[in-house]
Each structure stands twice: as structure tokens, then as C-alpha cells.
Amino acid sequence: MAAPFSWIKPEPHGIHVVPADSWVDPSIAVGHALVTHGHADHARGGHGETVATPETLAIMELRYRTGAEDDAGEIPHKAVPVQYGETIRLRGGVDATYIPAGHVLGGAQILLEHAGEKVIVTGDFKRRADPTCPPFVVTPCDILITEATFGLPIFTHPPIEGEIAKLLKRLEDEPDRCVLVGAYALGKAQRVIAELRRAGHHAPIYLHGAMEKMCRLYEDHGVSLGELRLVADHSKDDLRGHIVVCPPGALNDRWSRRLPEPITAMASGWMRVRQRARQRNVELPLIISDHADWEELTRTVEEVNPHESWITHGREEALLRWHQLHQRRARALAMVGYEDEDD
Amino acid sequence: MEEFAALIDALVYTRSRNAKLAIIAEYLRYTPDPDRGWALAALSDGLDFPAVKSSTIRNLLKERVDPVLWTLSRDFVGDTAECASLLWPAPLEAAANPPSVADAVDALSKMTRKTAIQELGGLLDRLDPSGRYALLKLATGAMRIGVSARLAKTAFAQAFDVSVDEVEEYWHGLAPPYPELFDWAAKGEAPPDTENLPLFRPFMLAHPLEETVVSMEDYAAEWKWDGIRVQLVHAGDGEEAETRVYSRSGDDISATFPEMLDALQIKAVLDGELLVRGTHQGGETGGAASFNALQQRLGRKTVSKKMLTESPAFVRLYDVLQWRGEDLRTLPWSERRARLEQAVTELPDSHFDISRIVKAESFDALAEIRESARDDAIEGLMLKRRDSPYIAGRKTGLWYKWKRDPLLVDCVLMYAQRGSGKRSSFFSDYTFGCWDGNPDTGAELLPVGKAYSGFTDEELKKIDRHVRQNTINRFGPVRETEKELVFEVAFDSVHSSKRHKSGLAMRFPRIHRIRWDKPAHEADRIETLQALIRD
Ligand SMILES: [Zn+2]
Ligand SMILES: [Zn+2]
């Protein structure tokens, strides 16, 4: 009999599911990939076969045009959709079940079972309610492979209602300007818009061109975002007193010169640290994250209660220390290719 | 404390000086006494709580949270106070009954080193993260939020529509929370009584002469000496009598030049150049050492006997503002000059002489004299309108400075970057800027050049320390600093440049001298450089 858990191997470029010869969130192109969610550092293009939720596949399709023909006129890529809660059998007797992670539309934890052993790869996750995706489901397992993007005890994401109220208050206080919100184009932008709607803000929201398709994709998947308009179709004066959403990279670039004295806001968990906000010249920091904060990370470990935690990326040292202080087993995986998203 | 915390946060996230002025002014207008006075003191570095140090915060936090998690967090955040404010384990009940700024100041000033850890914890328990941040910044006295004392005073003046020079004049006699200042400015009561206090009076300043030509009938010329401009004040009677030496920025530097305190025992306010005696330079009037010798004495809180005998200070007088209790500032310069010439005879010549008037028949003759001046202790010429009263600040047409070497400008340090090789552990590459208008009405600094030479190793260490202690922002290897340190920058020429926001580029700029004594708002403006453009 093989040694326990020898069928699952963390490698620098991804989690290798050995009997299936499949990889979870590989950072290089592989023959068979299990993808947790559509963010670029988890969902790379160019795999032979990709297993993911239909929403994640649609996002990848939008980003990589994975269905496009190659030079020989063939479509080399095979996309295998799996619904939440559905289990598929991989080669070598490995079962994979996709479970909501609460991160972004289509985002999943992947439960892998083999020879009676259970491993969960969380991908990225959060525990807060999000109107754009189903909530995280706690699932017991033996090994929890978790992220630690905000794995320091300084990170406490405040309730989103307060941050949205801050944004709306500023908009009201300075009706001749606009509030320009930098938000990650996949997930964060739609969540902020949906939360604004929930808070009763029904005025049109203006989008940077790079946001449009992803917002439409969300709407096609049943997330209604209200009236959205493109900045490019409107004059400076039309934008006064309105909210404009753009990717974080556009906050300080020439593009924003077309806006009426924008108040620069950014929606990100990093905004908890003043220095991070100042580096981006942010005037209105909004602490809104699609990742678990410290309390959520540690509570998740306690609730899932694995024999051992493996930490993929983020501030793994502090989370390791927490495990040590709580007599829990943990190890940090030296993974490459995952970035601190602008989350 | 919530309003103060909101003020601090708003200032942290605001870059424009104009917006900062407006935010502070608004706070000062609408916040009740005495909180607004304490806030003003905090913003102008007027508070000091010796019991609370950065190490107090560190030790307190290590009692409440795991030391390893503290260290990892501190390294990530980069700022002890901020990290502590975020990491503080808040009590389970929501923060109730937050202290007012006055409560906090009261509690902080009563703390001793022994009680500080426990009592600071009690205050933190009553605040939310922003409140904790503001409290810890207040307690350690290092706000580092890009607000200088001058900006705070200017905001005060703007809030109540009074002149910033008047604020400066009363400022030095008053203690936080400045009730007399608010009574006067906000409530229209009589100005603070300052007659018997050894107060700083804001200096009269000069514009660069540039292309202007003046008539020697209307203007008198005198040498501009290469020391530091000081004001000597003696006030009070008997036991209360006190002498003070003030620098350009109104800082009390009496402790640095104790020999000057005994030298002035007549009630007076005098304006002059502080120099140290030296032998290696003769000079026109004789006896001044190089600026370097003076540099050795600047910035010291105590002075050794050896220094006092080797490099004794004296003051070369330019002007008299008050003499034997009489305010002379409204008199024309020519009358003040006559009074000064009389006054100097009553002062010990070991410590005082008078700056000689440079006699010239015509402006052209004066230009010739200026060209041929060879004394290293001469920085250039001053031209003073003969009928002008002594007016605080820089009023056009009254005083001009005509530097001997026009290719020197005063710039403000904005960014510093680590050097390479031997200097890689020092911040040795500097970006500096000039004002794009009047800094007191919200002008901004625009970068005009970069330099990494022109200073000694000793000076490099001092600047490096300044950079570390005044960092307000980090961008990779680059630190943004408080806009406070003035460099006198020498350069070969200046050209217009579309690539730079300032519209100009200096050729071969280097640090000529570090002006620790000069307040940043008196640095040169872009227009001064524009006048030197030779394309
Ligand atoms: Zn993600
Ligand atoms: Zn990630």
C-alpha cells in the first residue's frame, strides 16, 4: 500500500494529482488541469483539457478564447464543465467535487478523494456574503490546501456596508466630481456594483471599456448589475456626481484625465494599510476584499479541522505560526506564479 | 477623538497642499476648544510625551499578541503606530466612551515610563482602529503625514481669516492648546499680550533681484553674509529677563549659541547674521570663518567648551526691530539704520558688529563692486528700500537679494533613493523641487532636479537619518520625505524641458550646501529658475 497522501504532490507549478496526471491551478500549460476559478494566476490558458465550473469556463473562454481554432483549423482545447456539488471521476480512481468557495462567480474549492483520503484545495476563498456568488461551504477533509493572501492578524475586513456607505457619502458630498473606483475586473467590480445596488444606489454606473464584457458575462449568469454605461460614450459633464469603475491599473493613467476631477477610490483588502493606499495615490480607500481575512482564515481551518494544512500563497509565515500556537500541523508550499491579486 | 482621527486620515490620503489647508481649516473652525488647540499643537509638532516611545508601543503589543505575529505584522506594515492600531485586540464590547483629544493629552502627559504601558492600553481599548492610529501618532509625536508646522499655522490663519505672520508672531509666546490664539482669531478678542515675552518676530525677507534695476537713491546696499540669519530677543525684567536666539524658521536655537545670551542684556529685538570667528579668512570686515566652521556648531543641543573657544559665535547686525522696549518696525529703514548704528555702540564688540553699507554712486557701480567681491563670507548683496518699514514676509519692491552666484537655488528635498556600491545602505540620491507659486496659498513643489553629490560623508549620514525619520511614503527603493529639508543647489545652467512637469531641467545640479536652518516655505520658486533659462 502506498504511503498516505503520496498520490497528491505539491510542485512549484501546481498541485499534482499523480494517479490522474492532472494539476490543480497549474501556472504552466499542462495536459489536464483542474481550475478553481477564473483569476489569471489560477486559470492559465493553453491546457489540453480543463475541468472547471461552467461559469469559470465561460470566464476563461472570454479571457483566452480557448475555443479558438489553431493554425491547423482545429480546436485543441477540451473544456469539461462540472456543476457545484457534482463529482467527476478522473483517471487512476480519483474523484473531484467542486464546492462553492465564495470568492468570485464560478469560484470553487476542489475536493479530491482517493483511497479513502480527502484533500481540499480551496483556491481563493472568502466567508462573507457576496451577492454575485454562492457562499463558501465548509467540508471536512484530511488535508486542507489553503491560500493565505491576507494571512496576517492586521487584516480585518470591515463589513462591506460601511465601505459602500463611505463611497456614497463622498459622492453626495462632492456632486461636481466623480468617484473613480479601481476594482479588479473579475469579481471585485461586479461585487461592488451589486452592493451599491443593494444599498439603493440606482443611478447609472459608468465603466472603463475593459470592464464591460465581464459585467455582461455576470449578467448573463443571472447577476443583475443595473444600468451600466461606458465612459467612452459620454462627456465629462455627464459623469459629474456619478460612480466610475475601472481596473486598478487605470487609476493613475492618462485615461482618467477624461473624468471630471475624479476622487480616486480603490476597493481592495490592501487598503487596510495606509501606506498601500498612498502608494497608489488613493484618496478614498475602500477595504473590500474577495479573500478571507485573518479571522476567516483561522476560523475556516478550525471548522474544516483537517489533520494538516498546506499553505499555497500569501503571508504563509504568519499562518504557519498560528498553526503552531494552536498545536496544528501545517506546511508552506513553495508555489510559484500566484500573485497578490489587487484584491 | 473621532473628529481628530478623521482629520488625520483625511490628511494621510490627501496630497494637494490646498486640499490639506482646507481640511485643517475646516476642522479648526468646527471643533470645540480645547480639542482643536491640542490638534493644532499635534500638527505643528508642539507636543511631547516623554513617557511614550515607539518602544513603549512595541512592548505593549508584545504583551497582548504573539511576538512572532507582531514582528511579521510590523515588518509588513512598516510603521509601528499603524501596525499597533491594526493589531490591537479590541475588547469584545464595542468601543464605548472614546476619550476626547484633551482627555488623551491629559492622560498621556501624566504617564510615567512605568505606568505608560498599562495606561496606554486603557486608552486604546476605548478607540476604533482609526482612533488608535491617531492616538499613537499623537503620543509618539511623529505624525509624518506630510503636514509641516508652517502648513498648520497657515491653515489656522486661513480658518479665521487672519495673517499667518501675526500667527507666527504670537505663536512662540503661547503654549498648547493656545486658548489666547483662538480667543483672538476665532472670537475676535484682543490679541495675546506679548510685550514682556522674548518672542520671535517674523523676518522681513527679500525677493531675488533678477532683471530688476534699482536706483541707488531709493535703495541702500549692504553685503549679504554667508552665515545663518538669526533674530536675538531680550525681554522681561529682573528674574523674568530672558534672551533668546531664533533661527529663520522661528526655532529657538538659544542652547546652540549660549555665548550670545549673555551678550545681549538690553531689551531689544535684533536682526542679523550669525557667524563664527575664524582666522583663515580675512574678509572685508574681517574675522568670519567659512560656513563649514559654522556648520559644525549647528544642530547641537549642548556645546562643548572647546567649541566655544575654537569657534565662538558673533552676530553681524542688519536691522533693529525693537530697542529698549520701543517698537521701531514702522520707521523707515534709514531711520532704523541710524538707530542701529547707535545701538551697536552699546553692545559688546566681542559679540556684535554691524553689516557695513556698500556705497555706490550708481547701480552699474554697484554691479562692479559685486563682481569684484572676493570674500568667501559674502554671499551677495542686499538692496533695501530706504523708506521701507520692517514688514514681515516677502513684500515685492522693498528688499532684494542679489546673490553673487546666481546659479544657486534653494530647493526642498522631496524623494530620496538608495545609492549604489559603497553607498547602497544610504539614501544618497535626492530629488528636490521648487514651489510653483506661494506655498502659503497652497502652491505645490514640483521636482526640478536630482543630485547625488556635493556633500561630505558626515553630511550624508545626517541626511540619511533625516530621510529615515521623515519618510511619509515608500515606493520600492524610493522614499518620499516630509517636505522640510532645504538644499542649496548649484548647477551649470537651466533649460526648458517639456518632459518635466516643472517645464525645466537643470544641467549638472549638485548639493552646494544643506540648509538645516531654512524653512521649506522660503525655498525658491519655479519662477526664479525660469528667469535663469538660457536656451
Ligand atoms: Zn482569485
Ligand atoms: Zn490567488
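Per chain, numbering begins at 1; letters A, B, ... match sequence-line order. Every value quoted in this text rests on a predicted model; they were computed, and no experiment measured them.
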What part of Val282(A) is in contact with chain B, defined as an atom under 4.5 angstrom from a non-hydrogen atom: side chain, backbone, both or neither? backbone
Is the gap between the ring centers of Phe150(A) and Trp270(A) under 6.0 Å? yes
Below 4.5 Å from any heavy atom of chain A, which atoms of Thr14(B) appear? Answer side chain, backbone, both or neither. neither
Let me know if Arg474(B) has heavy atoms under 4.5 Å from chain A in its side chain, its backbone, both or neither. both
Atom group of Ser130(B) that falls short of 4.5 Å from chain A, counting heavy atoms: both
From CG (Leu11(B)) to OH (Tyr27(B)), nearest 0.5 Å: 10.5 Å
Against chain B, label Arg274(A) side chain, backbone, both or neither, depending on which of its atoms sit under 4.5 Å from a heavy atom there. both
Under 4.5 Å from a heavy atom of chain A, the part of Asp66(B) involved: side chain
Need one label for Leu284(A): side chain, backbone, both or neither, based on atoms under 4.5 Å from any heavy atom in chain B. neither
Which answer fits Asp79(B), side chain, backbone, both or neither, if we ask what part of it has an atom under 4.5 Å from a heavy atom of chain A? neither
Pi-cation contact, Tyr415(B) with Arg479(B) (under 6.0 Å, within 45°): no
Side chain, backbone, both or neither: which part of Pro158(A) has an atom under 4.5 Å from a heavy atom of chain B? neither
Between Arg198(A) and Glu161(A), is the closest basic N to carboxylate O distance under 4.0 Å? yes
Please determine if Arg272(A) forms a cation-pi arrangement with Phe155(A), meaning its NZ or CZ atom is less than 6.0 Å from the six-membered ring centre and no more than 45° off the ring axis. no
When you compare the side chains of His103(A) and His39(A), does any donor N or O come within less than 3.5 Å of an acceptor on the partner? yes
When you check the side-chain N and O atoms of Asn470(B) and Arg465(B), is any donor under 3.5 Å from an acceptor? no
